[in-house]
Amino acid sequence: MSSKSIRPAPQPFLAHDTRPAFHQSTTASVPERGSVPNFVSTRQSAKHKATATGSGRKVRLFHFLFEMLEDPSMAHCLSWVPAATGVFRFSSRNKDQVAALWGQKKGNKRPMTYQKMSRALRNYARSGEIFKVKKKLTYQFSYNTLMSLQMRYHRDQ
DNA sequence: CAACTCGGGAAGGTCA
DNA sequence: CTGACCTTCCCGAGTT
């Protein structure tokens, strides 16, 4: 012991019964036949400056996932879990689609898969951005992460 | 039993 | 060069 993790272990903020108050999933049997998201062209503009107001960092995986979650056309891949703040779940069938898009955005050599992407997701538990919830293919943004994500999203929109 | 999902250790890459 | 942040591999274990 000692010399390991002196931190109080980050924790997810209680999943259940918190008011949604955010989205409002238009849950109504999402047609499984997805296709291509609306944006697609996520090319990187040579060099991203944005050294203005202290922003201008590389896009992180959780930023990307949040944007996917806000895009209705991606509902067949992942979506918010109703009545649970910051909780989202991947579609068992199309989870690799999200991963593939992430991989393309990053310009990886080999195609990204859910397996590999979830490895990165697991590391988020250590840094406290996202936690795994006991349900299959389900994760939860930490409260702080969710808040900053919403601010960035509405600001950059 | 097979297919999936989950959890990490470990090493490799990219970039500011 | 260094650290942050993944990416890729791999394998064991628990579920479905």
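These numbers were taken from a predicted model, which means no experiment stands behind them. Order of the sequence lines fixes the chain letters, A, B, ..., with proteins taken first and strands second; residue numbering starts at 1 for each chain.
Look at CG on A/Asn108: it is 10 Å from P on B/dT14, rounded to the nearest Å. Between the CG atom of A/Leu121 and the P atom of C/dT8 there is a distance of 15 Å, given to the nearest Å. Whole-Å rounding puts the A/Leu61 CG to C/dT7 P distance at 7 Å. Rounded to whole angstrom, the span from the CZ atom of A/Phe90 across to the P atom of B/dC4 amounts to 17 Å. Between A/Phe62 atom CZ and C/dA4 atom P there is a gap of 15 Å when expressed in whole angstrom units. The distance between atom NZ of A/Lys136 and atom P of B/dA3, rounded to the nearest whole Å, is 15 Å. Atom CD of A/Gln104 is separated from atom P of C/dT7 by 13 Å (rounded to the nearest Å). Following rounding to the nearest Å, A/Phe64 (CZ) and C/dC6 (P) show an atom-to-atom distance of 12 Å.
Using a 4.5 Å heavy-atom threshold, the side chains of A/Arg60 and A/Glu129 count as touching. Counting heavy atoms from C-beta on, the side chains of A/Leu61 and A/Ile130 never come closer than 4.5 Å. Between A/Tyr124 and A/Phe141 the shortest side-chain heavy-atom distance does not fall below 4.5 Å. By the 4.5 Å heavy-atom criterion applied to side chains, A/Glu67 and A/Asp71 are not counted as neighbours. Between A/Leu149 and A/His63 the shortest side-chain heavy-atom distance falls below 4.5 Å.
Side-chain N/O atoms of A/Tyr124 include one lying less than 4.0 angstrom from OP1 or OP2 on C/dC6. For C/dA4, neither phosphate oxygen OP1 nor OP2 lies less than 4.0 angstrom from any side-chain nitrogen or oxygen of A/Lys58. In this model, the phosphate group of C/dC9 is approached by a side-chain N or O of A/Arg110 to a distance below 4.0 Å at OP1 or OP2. Taking only side-chain nitrogens and oxygens, A/Tyr114 never comes nearer than 4.0 Å to OP1 or OP2 of B/dC4. The phosphate of B/dG8 has neither OP1 nor OP2 within less than 4.0 Å of any side-chain N or O from A/Arg122. Note on A/Lys116: every side-chain N or O is 4.0 Å or more away from OP1 and OP2 of C/dT7. Put simply, A/Trp102 has no side-chain N or O that comes within less than 4.0 Å of OP1 or OP2 on C/dC6. A sub-4.0 Å separation between OP1 or OP2 of B/dT5 and a side-chain N or O of A/Ser92 is present.
Checked against the 6.0 Å centroid criterion, the rings of A/Phe131 and A/Tyr139 do not qualify as a close aromatic pair.
If A/Gln115 and A/Arg119 are placed on DNA chain B by their nearest nucleotide, the residue sitting closer to the 5' end is A/Gln115. Of the two residues near DNA chain C, A/Lys109 and A/Glu129, the one whose nearest nucleotide lies more 5' is A/Glu129. For A/Lys95 and A/Asn123, each mapped to the nucleotide of DNA chain B holding its nearest heavy atom, the one lying further toward the 5' end belongs to A/Lys95.
At the heavy-atom level, A/Lys135 lies under 4.0 Å from the strands shown only through sugar-phosphate atoms. In this structure, A/Met112 reaches the sugar-phosphate backbone alone: every heavy-atom distance under 4.0 Å involves primed, P, OP1 or OP2 atoms, never a base.
Taking the side chain of A/Arg60 as heavy atoms from C-beta on, and the options C/dT7, C/dC5, B/dG7, the nearest nucleotide is C/dC5.
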